[in-house]
Each structure stands twice: as structure tokens, then as C-alpha cells.
2 protein chains.
Amino acid sequence: MSELVTIRDASMTTGVSAKMIRHYESIGLISAPARTENRYRHYSQRDIHELGFIRKARDLGFPIEDIRHLLALWRDRSRSSAEVKAIALRHIADLDEKAAALQAMSATLKHLASNCHGDNRPDCPIIDALDRLG
Amino acid sequence: MSELVTIRDASMTTGVSAKMIRHYESIGLISAPARTENRYRHYSQRDIHELGFIRKARDLGFPIEDIRHLLALWRDRSRSSAEVKAIALRHIADLDEKAAALQAMSATLKHLASNCHGDNRPDCPIIDALDRLG
DNA sequence: ATATGGGGTTCCCATGATGGGAAGGTCAAG
DNA sequence: CTTGACCTTCCCATCATGGGAACCCCATAT
């Protein structure tokens, strides 16, 4: 009765590319789905749900290994929220650190660029900074 | 009189790893340095200066292809600062966009984490978000 | 029936910037 | 002559993702 959910269907409903679905299977992030006689993969509602979970975790920037852990906690009804929170907090710190690094670069460049007249003369504080400052 | 500057010396004075110096040469970002009879690379002061330039540009997050362009402008005494500025402004926009994306993730997660009691109970808004929200 | 098109499958290669490490050559000092 | 510290080239790994080849399967249009 329920139509076979192909990898394309799974991809479209979850927003995870077919390429990545196969990849997640190959690295053991998701378990291998059922196959038809033709060796075509088909996905259960549970599979789809799990792919949706992965998609949302990726959208929040979690690395695959974190997601592996989060999936295990998700499946474990006796999990402690403390463990989930710890993963999230570490990730938040990582995101903040990376964002701060990018912003520092941006701020430096903005300062240099604001002092660069940007005309056809060669003088340029940006080039000067790369040239001279250590 | 000037002692031979080996790749290690160049690495130590510029902060670019020997590995990366060879890599930059292999992709044509820097030109091949002189070699001793033993095929050991040795670097001129100009080479060192150029590696320092690359190092600073990398520290500001410029991708290699931008640096290739910046190096060309640097060497060109008749450059227009407008061209340098344009590269910098594009890069600033890129940095800002990436930083904003990371901050958005962080903000979402901070919100979820702040509502997560983080004890030994399983209930957790972080998991709920990954589970349910689309 | 058969051609066409659009799925599926596996496998290899590429990205960007960087590092690890193997296998082998060279050189100075003990 | 060995030891150790360099150098050389070459291959492989990271992280998440996509491109594309070569091939199989099936439904529909001619």
C-alpha cells in the first residue's frame, strides 16, 4: 500500500541530497535501508525522520561526529539532557570562536580599506599592510 | 657571504610551513627558487618577502586565488589601488556573510540551550528542535 | 518491439588549505 | 662510519560535498 520511497523521494522530502544520503550510509551514520529486488534503496518513515534530524543538525553546523552522538542520544529514551546540552555548548563555543576570527579579519580589512582611496593611483594601505606589517 | 637560506629558514622567518612553501611553489603561487647542487631549495630575500606577504594575506583569510591576484598587483608598480580595494571589499563581504551564518547558528542554539535544564532527565528542547521543527 | 528518458547502482575524482608520513639522498659532527 | 638532522619527492588524510562515468532497470511513446 505505502508506495516505495526511493532515494530521490527521501532526498526531496528531507532536503538531503541523494549523494549525501548514500554517503551517510557508507560512513555508518544511518543504517543501510531496505532494498527492492533491483537493489534500489527504499526508505521507511523512520529512515526519513532520521534524515530530517540529520539535516537540521547540519543546518545548525554540527559536525558529523557530533550528529552521530546526537542521533544515539535521540534514540535513547533514557538519555540525560545534560549530555545533549554539553554537545551543544561545545559547538556553540566553536561557532563563536570561528565567528570571532572572521570578524577580526573583517574589522582589520575594513579599517585598511576605509583608508584606501581606491582610485588609479598605486598607493594603498591594504597592500602596505601585507607588504610591511608583521 | 649571505648564508644559504634553506626552506626551513624561510619557514621560520615567515611563519609559513615548509610543507606549504613547497605547495605554493607547486601551484605556481611563488616561482621556483634557486637550487643548490644537491637540489636543495634556497631562498632570496625577495622570496622571503613574498612569502611574508602571502602569510599576512592568509592571516586575513584571503583565499589563494585572491592572493595570486594581490601578489600580481603588489609587483605591479602601476597598479590602481581601486583594484586592490575591490578584492578586499569582496573578501570583507564574504567574511561578514560567513560570520553572520555562524552567529545565526550560535544564536539559535543558545536559545535552545538556555531552555534546556541539562540534568539527567531526557526532556531537551535541543533534541526536540532537531526532532520536530523543520 | 523498441527507442527514449529518467530513475537507480557503484566507483573514482575534485574541492581548499593543510598536515602526516614513507622512502631515500646529503651533510656535518662525534 | 654511524648518528642525527636536514633535504627531496610522492602518496594519503582531513571535512562535507558534488561531478561524472559506466552500467542497470523500468515505464511510456512511437
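In what follows, chains are A, B, ... by sequence order, proteins preceding strands, each numbered from 1. Just so it is clear, the values below take in all heavy atoms, side chains as well, and ignore hydrogens, waters and symmetry mates.
In this structure, the NZ atom of Lys98(A) is 10 Å from the C1' atom of dC15(D), given to the nearest Å. Look at CZ on Arg55(A): it is 16 Å from P on dA16(D), rounded to the nearest Å.
Residue Arg58(B) places at least one side-chain N or O under 4.0 Å from the OP1 or OP2 atom of dT18(C).
DNA chain D is contacted by Pro63(A), Ile64(A) of residues 63-72 of chain A, taking any non-hydrogen atom closer than 4.0 Å.
Distances from the side chain of Lys19(B) to the nucleotides dG18(D), dT8(D), dC10(D) place dC10(D) closest. Of the listed nucleotides (dT8(D), dG18(D), dC10(D)), dT8(D) has the atom at the smallest distance from the side chain of Arg22(B). Candidate nucleotides dC6(D), dC10(D), dT8(D) were compared by shortest atom distance to the side chain of Arg8(B), and dC6(D) ranks first. Looking at the side chain of Arg35(A), the nearest of the listed nucleotides dT9(C), dG19(C), dT9(D) is dT9(C). Among the nucleotides dC7(D), dG19(C), dA16(D), the one closest to the side chain of Ser17(B) is dG19(C). In the set dT18(C), dT26(C), dG8(C), dT26(C) carries the atom at the smallest distance from any side-chain atom of Asn38(B).
Taking a cutoff of 4.0 Å between a charged side-chain nitrogen and a carboxylate oxygen, Asp94(B) and Arg90(B) do not qualify as a salt bridge. Checked for salt-bridge contact, Lys110(B) and Asp96(A) meet the test: a charged N lies under 4.0 Å from a carboxylate O.
Nearest-nucleotide mapping onto DNA chain C: of Tyr24(B) and Ile7(A), the residue sitting toward the 5' end is Ile7(A).
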